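Reviewing the structure listed below.
All values derive from a computational prediction rather than experimental measurement. The residues of the chain are indexed from 1 along the displayed sequence. Excluded from the calculations below are hydrogen atoms, water molecules and symmetry mates; all remaining heavy atoms, backbone and side chain alike, are included.
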Amino acid sequence: MALTAAVVQLSSVPSVDDNLARHVELATQAAHAGADLVLFPELSLVGYDLDSLGDASRWFTTADARLDDLRALSAATGATIVVGAPVCGVDGRLLASLVLQPSGSVVLAPKQHLHGDENLWFTPGTGPTVVTVGDTLVGLAICYDTAFPEHAADAAARGASVYAASVVFVTGEEGKLHDRMRSRTGDHGMTGLAANVAGSRSVGGSGGWAPDGSVLAVAEGSGDELLLVSW
């Protein structure tokens, strides 16, 4: 089955409500453009500001009412929407992607490999999580997960033909995102997708990679951008 994904390179703001509204706006735009899958960056609903996580209102659950508009949008359009959030769940506090599916369900896809101060706030998750988009199995990764070849290998072993990463790559990491995605996907013949944060410290580089490692699409710069990737 042919798929179209929307990779959203996005800068988040301190207001969770404003971020949610922006997600609905961009996901609506993507779905109306024909996207089957909409991929946002790591911690996109709150921004990658670990010091702000002492505020309990910045944490989500899979049943969070604040996701209702995104849940309804997925159901109405048939697009699967992947957003990033800190999540309180039965397995502890997780740095995760929340996958809003057309069925109305919300799948929790936690980050498996934490680094630095993330360990002060989060419990490592199990993974990788593989979800179905149409007839295609999509393996989900979050940033540092892409540094571990076995993460992509496990996703491929579970049947994934797409490896979709929500990431934060910033100044000093130029070229690293491309090299990792080309390696992770090329090793297993998977299509790769990566949504990076936008902004003055971002290195940009969001895009898509073919199974042979060649680039399908890439962001023009480090600003906010929505890319459509079809294969």
Using atom types as modelled and distance alone, determine if a side-chain donor or acceptor of Asp154 lies under 3.5 Å from a backbone N or O of Gly127.
-> no
Hphob cluster co-occupancy, Leu228 + Val8, side-chain heavy atoms under 4.5 angstrom = yes
Report the residues that fulfil side chain to side chain contact (heavy atoms under 4.5 Å, CB included) with Asp18, sequence neighbours left out, ordered by chain and then residue number.
-> Val13, Ser15
How would you list, by chain and number, every residue that makes a side chain to side chain contact (heavy atoms under 4.5 Å, CB included) with Ala217, sequence neighbours excluded?
-> Leu227, Val229
In Å, rounded to the nearest 0.5 Å, how long is the span from CG of Leu43 to CD1 of Ile142?
-> 7.5 Å
Heavy-atom distance under 4.5 Å between the side chains of Pro110 and Thr129, does that happen here?
-> yes
Would you kindly confirm whether Phe40 and Val133 end up in one hydrophobic cluster when ILVMFWY residues are joined by side chain heavy atoms under 4.5 Å apart?
-> no
Student check: side-chain heavy atoms of Lys111 and Asp145 closer than 4.5 Å | yes
Quick one: does Leu140's side chain get under 4.5 Å of Val138's, heavy atoms only?
-> yes
Ser214: side-chain hydrogen bond (donor to acceptor under 3.5 Å, both in side chains) partners, not counting sequence neighbours = Asp212
Specify the closest pair of heavy atoms between Glu173 and Val168, including all atoms of both residues, with the distance to one decimal.
-> OE1-O, 3.9 Å
If we ignore angles and hydrogens, is there a donor and acceptor under 3.5 Å between the side chains of Asn196 and Ser206?
-> no
Looking at Ser202 and Ser222, what are the two nearest heavy atoms and their distance?
-> O-CB, 3.5 Å
Please walk me through it: do Arg58 and Asp49 pass side chain to side chain contact (heavy atoms under 4.5 Å, CB included)?
-> CA-CA 11 Å; Arg58 303 183 75 78; Asp49 178 9; 5.8 Å; no
State whether the side chain of Arg158 and the backbone N or O of Pro128 hold a donor-acceptor pair below 3.5 Å, judged by distance alone.
-> yes
Which atom of Gly139 lies closest to which atom of Ala160, heavy atoms considered | N-CB, 3.6 Å
Any chance you could measure Gln101, atom CD, to Thr132, atom OG1, to the nearest 0.5 Å?
-> 7.5 Å
Apart from Leu137 itself, residues in the same hydrophobic cluster as defined by side-chain heavy atoms under 4.5 Å = Val130
Check whether any side-chain heavy atom of Tyr48 lies under 4.5 Å from a side-chain heavy atom of Val170, and answer yes or no.
-> no
Would you call Val24 and Leu70 a side-chain contact if the rule is heavy atoms closer than 4.5 Å?
-> yes
Calculate, to the nearest 0.5 Å, the distance between atoms OG1 and CG belonging to Thr61 and Leu67 respectively.
-> 7.5 Å
dist His188:NE2 -> Ser183:OG (nearest 0.5 Å) comes out at 10.0 Å
Residues pairing under ring pair (Phe, Tyr, Trp, His ring centres under 6.0 Å) where one sits in residues 117-137, two or more places apart or in two chains, turn out to be Trp59-Phe122
Going through the checks in order, is the salt bridge (Lys or Arg N to Asp or Glu O under 4.0 Å) test met by Asp68 and Arg71?
-> CA-CA 5 Å; Asp68 284 352; Arg71 188 183 292 109; 2.4 Å; yes
Using 4.0 Å as the upper bound for N to carboxylate O, is an ion pair formed by Asp179 and Lys176?
-> no
Show the numbers, then the answer: is there a side chain to side chain contact (heavy atoms under 4.5 Å, CB included) between Trp231 and Val162?
-> CA-CA 11 Å; Trp231 66 94; Val162 178; 3.6 Å; yes
Taking distance alone, no hydrogens or angles, what donor-acceptor pairs closer than 3.5 Å link side-chain atoms of residues 80-100 to residues at least two apart or in another chain?
none

So OG of Ser74 and CG of Asp69: to nearest 0.5 Å the spacing works out to 12.5 Å
Name all residues meeting the side-chain hydrogen bond (donor to acceptor under 3.5 Å, both in side chains) criterion together with Asp64; count only those two or more places apart in sequence or in a different chain, and write none if there are none.
-> Arg66
With sequence neighbours left out, the residues meeting side-chain hydrogen bond (donor to acceptor under 3.5 Å, both in side chains) with Thr4 are Ser230
Working to the nearest 0.5 Å, report the span between CG of Asn119 and CG of Leu114.
-> 5.0 Å
Smallest separation among heavy atoms of Gly205 and Gln9, with atom names = N-OE1, 3.6 Å
Phe148: hydrophobic cluster co-members (side-chain, 4.5 Å) | Tyr144
Hey, what else clusters with Met181 if you join Ile, Leu, Val, Met, Phe, Trp, Tyr whenever side-chain heavy atoms sit under 4.5 Å?
-> Tyr163, Val167, Phe169, Leu177, Met190, Val203, Trp209, Val215, Val218
Side-chain contact test, heavy atoms from C-beta onward, threshold under 4.5 Å: evaluate it for Pro124 versus Gln112 and give yes or no.
-> no
Sequence neighbours left out, what passes side chain to side chain contact (heavy atoms under 4.5 Å, CB included) with Thr171? Give chain and number order.
-> Glu174, Arg201
For Glu220, look at atom CD and say whether over 12 heavy atoms of other residues, nucleotides or ligands are found less than 6.0 Å away.
-> no
Residue pair Thr185, Thr191: steps toward the side chain to side chain contact (heavy atoms under 4.5 Å, CB included) verdict = CA-CA 6 Å; Thr185 57; Thr191 299; over 6 Å; no
Partners meeting side chain to side chain contact (heavy atoms under 4.5 Å, CB included) with Ser161 (sequence neighbours left out) = Thr136
Kindly indicate, with the supporting measurements, whether the criterion side chain to side chain contact (heavy atoms under 4.5 Å, CB included) is fulfilled by Leu39 and Ser166.
-> CA-CA 7 Å; Leu39 181 68; Ser166 300; 3.4 Å; yes
Applying the 4.5 Å side-chain criterion to the ILVMFWY set and letting contacts propagate, would Phe60 and Val107 be lumped into a single cluster?
-> no
Taking all heavy atoms of Gly208 and all of Leu193, pick out the closest pair and write down the distance.
-> CA-CD2, 4.2 Å
Ala79 and Ala35 have their tightest heavy-atom pair at CB-O, 3.5 Å
